[in-house]
Amino acid sequence: MTAVIVRRVFVAALALGFAGMGVVAPVQASLVVALDLSQLVSHADHIVVTDVVSVQAAWDAKHERIVSTIQLNVVESWKGPATPQSRITVVQPGGTVDDITMVVFGMTQFRPGERSLVFLRGSMTAASVVGMAQGKRALFREAATGRWMADGPDRSGALFLRPDAATPAAATAATENALRRRALDDLHQDIRAMMKAGR
């Protein structure tokens with residue numbers, strides 16, 4: 001933990017990986033295994049287009065860390081039991097309580113009112129984002145065409161490892177493809193094909 005004066009910011013370098021997909025790294029970066037789109041799809045229990053309803057941060061029961069609870073309203077469900085208008089609760093470390101902020105580098109952030117495509121694991125009442133920031137894509141309407149577009153995930157705060165590498169390296173072509181901005185309909189079509197193929 002590194003304390004910074006002014007707002008008493010606590011920094012936690014946590015990589016909350018998926019079955020061995022993350023390791024703890026030095027402060028200001030988390031080491032995370034790079035996941036391509038097919039891996040995100042296979043590891044997710046839910047793939048959903050959602051609107052963020054609320055974000056609430058609170059201390060855990062032992063008053064040792066801050067945990068944020070995010071309420072998501074499902075707009076479309078591409079994988080999993082969720083239906084439109086149902087709710088999914090995401091619970092993840094980090095957030096602000098009073099004048100104390102805990103930051104988990106590489107963890108995605110949610111803001112009320114935003115629309116996102118998210119890859120989640122766990123139950124509908126206690127889900128987490130697959131692959132940290134890799135499992136969330138901010139959505140926006142393209143001005144010229146009116147199409148929904150999906151941004152690539154936020155890669156700041158994390159160093160990505162290829163599954164077969166021991167040190168951080170440039171992302172593979174497959175990983176880069178998973179991270180780039182795309183039309184939401186095209187992304188949906190690719191994900192449907194992967195699910196049909198059993199990936």
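In this chain, residues are counted from 1 in sequence order.
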Item checked: In one Ile/Leu/Val/Met/Phe/Trp/Tyr side-chain cluster, 4.5 Å: Val91, Ile70 -> no

Next item on the list: Determine the minimum heavy-atom distance between Ala150 and Leu187, stating which atoms define it.
Entry: CB-CD2, 4.0 Å

Note to self: Around atom CD of Gln56, are there more than 12 heavy atoms from other residues, nucleotides or ligands closer than 6.0 Å?
What the structure shows: no

Next item on the list: Would you mind telling me which of Ile47, Leu35, Val129 makes a side-chain contact (heavy atoms from CB on, under 4.5 Å) with Phe119?
Entry: Ile47

Margin query: Set out, in order, the CA-CA distance, both residues' side-chain angles and the distance that settles side chain to side chain contact (heavy atoms under 4.5 Å, CB included) for Asp151 and Arg137, then state yes or no.
Written below: CA-CA 5 Å; Asp151 261 341; Arg137 312 291 172 90; 5.6 Å; no

Checklist line | Minimum heavy-atom distance Ala82-Val74, with the two atoms named | finding: CB-CG2, 4.0 Å

Notebook entry, point to check: Atom CG of Leu184 and atom CZ of Phe140: how far apart are they, to the nearest 0.5 Å?
Noted result: 10.5 Å

Margin query: What I'd like to find out is whether the side chain of Leu72 reaches to under 4.5 Å of the side chain of Val52, using heavy atoms alone.
Written below: yes

Next item on the list: Determine the minimum heavy-atom distance between Asp45 and Gly122, stating which atoms define it.
Entry: OD2-N, 2.7 Å

Check: Can you name the closest pair of heavy atoms from Ala127 and Ile88 and give their distance?
Finding: CB-CG2, 4.0 Å

Notebook entry, point to check: So do the side chains of Asp190 and Arg182 get within less than 4.5 Å of each other, counting heavy atoms only?
Noted result: yes

Next item on the list: Please report the closest heavy-atom contact between Ser68 and Gly94, naming both atoms and the distance.
Entry: OG-O, 2.6 Å

Check: Is the backbone N or O of Ser128 less than 3.5 Å from a side-chain atom of Arg121, with the two atoms forming a donor-acceptor pair by type?
Finding: no

Notebook entry, point to check: What pairs of residues pass the side-chain hydrogen bond (donor to acceptor under 3.5 Å, both in side chains) test when at least one of them lies in residues 109-119, not counting sequence neighbours?
Noted result: Asp51-Arg115, Glu114-Lys136

Check: Just wondering, do Trp59 and Ile66 contact through their side chains at under 4.5 Å, heavy atoms?
Finding: yes

Next item on the list: State plainly whether one hydrophobic cluster holds both Val67 and Val118, where clusters connect Ile, Leu, Val, Met, Phe, Trp and Tyr through side-chain heavy atoms under 4.5 angstrom apart.
Entry: no

Notebook entry, point to check: Under the criterion side-chain contact (heavy atoms from CB on, under 4.5 Å), which of His46, Met195, Arg192 is the partner of Lys79?
Noted result: Met195

Margin query: What verdict does the side chain to side chain contact (heavy atoms under 4.5 Å, CB included) test give for Thr108 and Gln92, after you've listed the backbone C-alpha separation in whole Å, the side-chain angles of each residue and the deciding distance to 0.1 Å?
Written below: CA-CA 9 Å; Thr108 191; Gln92 63 184 31; 4.2 Å; yes

Margin query: When you measure from the side chain of Ser123 to the backbone of Ala126, do you find a donor-acceptor pair of N or O atoms at a distance under 3.5 Å?
Written below: yes

Next item on the list: Could you state whether Val41 and Trp78 fall into the same hydrophobic cluster, counting links through intermediate Ile, Leu, Val, Met, Phe, Trp or Tyr residues with side-chain heavy atoms under 4.5 angstrom apart?
Entry: yes

Check: Where do Thr89 and Met124 land on the side chain to side chain contact (heavy atoms under 4.5 Å, CB included) test, with the steps shown first?
Finding: CA-CA 6 Å; Thr89 302; Met124 289 183 59; over 6 Å; no

Notebook entry, point to check: Nearest 0.5 Å, what's the OG1-CZ distance between Thr50 and Phe110?
Noted result: 6.5 Å

Check: Of all heavy-atom pairs between Met194 and Ser38, which one has the smallest distance, and what is that distance?
Finding: SD-CA, 3.6 Å

Next item on the list: Go through the steps to decide whether Ile191 and Leu40 satisfy the test side chain to side chain contact (heavy atoms under 4.5 Å, CB included), and finish with yes or no.
Entry: CA-CA 10 Å; Ile191 289 172; Leu40 286 170; over 6 Å; no

Check: Side chains of Leu139 and Met149: closer than 4.5 Å at any heavy-atom pair?
Finding: no

